[in-house]
Amino acid sequence: MSSNFLEIKLGPFWVLAEAEGKKLVGVSFFHKKESSSVSGVNVPGVNKDEITHPSPILERLQEDLINYWRGEKIDFSDYPLRLDNCSPFAKKVWRLTRKIPYGEVRSYKWVAEKIHTKGYRAVGAALARNLFPIIIPCHRVVREDGSLGGYSPGLKIKRKLLEREGSYLF
DNA sequence: TGCGGAATTTGCG
DNA sequence: CGCAAATTCCGCA
């Protein structure tokens with residue numbers, strides 16, 4: 001099974017998405033100058049697969065990301081994702097996080113309680129392993145006191161995403 | 001408001 | 001098995 005890639009610039013950030021067949025395999029932010037990778041696969045600038053076998057899901061994603069950055073309330077919750085060897089706990093956290101509506105935020109504690117655990121920090125740890133930023137909107141999970149909390153791709157990005165969604169920030 | 005410490009759960013080495 | 005982590009809560013200045 002060959003992979004297809006999409007590189008797209010959202011404001012100051014570059015986003016790389018990889019798909020295999022009808023499913024997304026990973027999404028990541030990267031610096032254009034550096035060599036990037038998703039799931040350990042080195043990414044070529046352009047490859048033949050991309051040209052001869054355009055991926056419908058990536059074309060749709062490109063469209064959605066562009067409109068998302070324009071400020072439209074895009075819903076990414078129905079994109080099929082490949083979640084092969086992820087822990088059951090992480091899947092629970094991600095499944096719930098996907099349901100947080102555009103423009104709204106929830107706390108790590110809220111997520112933890114919804115899945116009946118006191119492991120607030122474990123929730124953060126699971127979100128830190130999110131392979132699909134934006135698609136699984138982990139940027140909408142913040143601290144109970146309203147402060148930002150963490151974000152693996154970088155807090156500047158988290159702040160910017162929330163700002164574009166019109167969320168109230170501290 | 002802010003800092004230190006304890007409680008908690010998960011996953012990686 | 002030990003430890004760090006995208007947290008939270010509580011006490012105390």
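We name chains A, B, ... by the order of the sequence lines, and we start the count at 1 in each one. Note that the coordinates shown come from a computational prediction; the quantities given were computed from them, not determined experimentally.
Near DNA chain C, meaning a heavy atom under 4.0 Å away, there are no residues from residues 96-105 of chain A. For the segment residues 134-144 of chain A, the set of residues with a heavy atom within less than 4.0 Å of an atom of DNA chain C comprises A/Cys138, A/Arg143, A/Glu144, in numerical order. Contact check of residues 116-125 of chain A against DNA chain B (heavy atom, cut-off under 4.0 Å) returns A/Thr117, A/Lys118, A/Gly119, A/Arg121, A/Ala122.
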Hey, can you pull the donor-acceptor pairs under 3.5 Å for the side chains in residues 160-167 of chain A, sequence neighbours left out?
from, atom 1, to, atom 2, distance (Å)
A/Lys160, NZ, A/Glu163, OE2, 3.3
A/Arg164, NE, A/Trp69, O, 2.8
A/Arg164, NH2, A/Trp69, O, 2.7
A/Glu165, OE1, A/Gly103, N, 3.1
A/Glu165, OE1, A/Arg140, NE, 2.8
A/Glu165, OE1, A/Arg140, NH2, 3.4
A/Glu165, OE2, A/Tyr68, OH, 2.5
A/Glu165, OE2, A/His139, NE2, 2.7
A/Glu165, OE2, A/Arg140, NE, 3.4
A/Glu165, OE2, A/Arg140, NH2, 3.0
A/Ser167, OG, A/Gly103, O, 3.3

Name every donor-acceptor pair, under 3.5 Å, that has one atom in a side chain of residues 92-99 of chain A and the other anywhere in the protein, sequence neighbours excluded.
from, atom 1, to, atom 2, distance (Å)
A/Trp94, NE1, A/Ala126, O, 3.1
A/Thr97, OG1, A/Val93, O, 2.8
A/Arg98, NH1, A/Tyr79, O, 3.3
A/Arg98, NH2, A/Phe76, O, 2.8
A/Arg98, NH2, A/Ser77, O, 3.3
A/Arg98, NH2, A/Tyr79, O, 3.0

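Listed for the A/Ser3 side chain is no donor-acceptor partner under 3.5 Å among the backbone atoms of A/Glu20. A donor-acceptor pair is defined here as one N or O able to donate and one able to accept, closer than 3.5 Å; such a pair exists between the side chain of A/Lys158 and the backbone of A/Leu148. A donor-acceptor pair under 3.5 Å is formed between the side chain of A/Thr117 and the backbone N or O of A/Gly119.
In summary, contact between chain A and DNA chain C, defined as any nucleotide atom under 4.0 Å from a heavy atom of the protein, begins and ends at C/dA5 to C/dC9 in the 5' to 3' direction.
Using bins of under 30°, 30° to 60° and over 60° for the plane-to-plane angle, the ring pair A/Phe29/A/Tyr151 lands in the perpendicular bin.
Between A/Asp78 and A/Arg60 there is a salt bridge, since a side-chain N of the basic residue sits under 4.0 Å from a carboxylate O of the acidic one.
Qualifying side-chain contact (heavy atoms from CB on, under 4.5 Å) partners for A/Ala19, counting only residues two or more places apart in sequence or in other chains: A/Leu24, A/Ser55, A/Ile57, A/Leu58. In this view, A/Arg121 satisfies the side chain to side chain donor-acceptor pair (under 3.5 Å) rule with no residue, not counting sequence neighbours. Among residues two or more places apart in sequence or in another chain, the salt bridge (Lys or Arg N to Asp or Glu O under 4.0 Å) test is passed with A/Glu104 by A/Arg106. Listed by chain and number, the residues in a salt bridge (Lys or Arg N to Asp or Glu O under 4.0 Å) with A/Glu113 amount to none (sequence neighbours excluded). For A/Arg143, there are no salt bridge (Lys or Arg N to Asp or Glu O under 4.0 Å) partners, not counting sequence neighbours.
Residues A/Leu65 and A/Leu10 have side chains in contact (heavy-atom distance under 4.5 Å, counting atoms from C-beta outward). The shortest side-chain heavy-atom distance between A/Lys23 and A/Leu81 does not fall under the 4.5 Å cut-off.
Atoms OH (A/Tyr108) and C1' (B/dA7) sit 19 Å apart, rounded to a whole Å. For the pair A/Leu127 CG and B/dG11 P, the computed distance is 12 Å after rounding to whole Å. Regarding A/Arg129, its CZ atom lies at a distance of 11 Å from the C1' atom of B/dT9, rounded to whole Å.
Annotation for A/Gly150 and A/Tyr108: closest pair N-OH, 3.3 Å, computed over non-hydrogen atoms.
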Query raised in the report: Dot-bracket, DNA chain C: Watson-Crick or G-U, under 3.5 angstrom, [ ] crossing, | other strand?
Result: |||||.|||||||

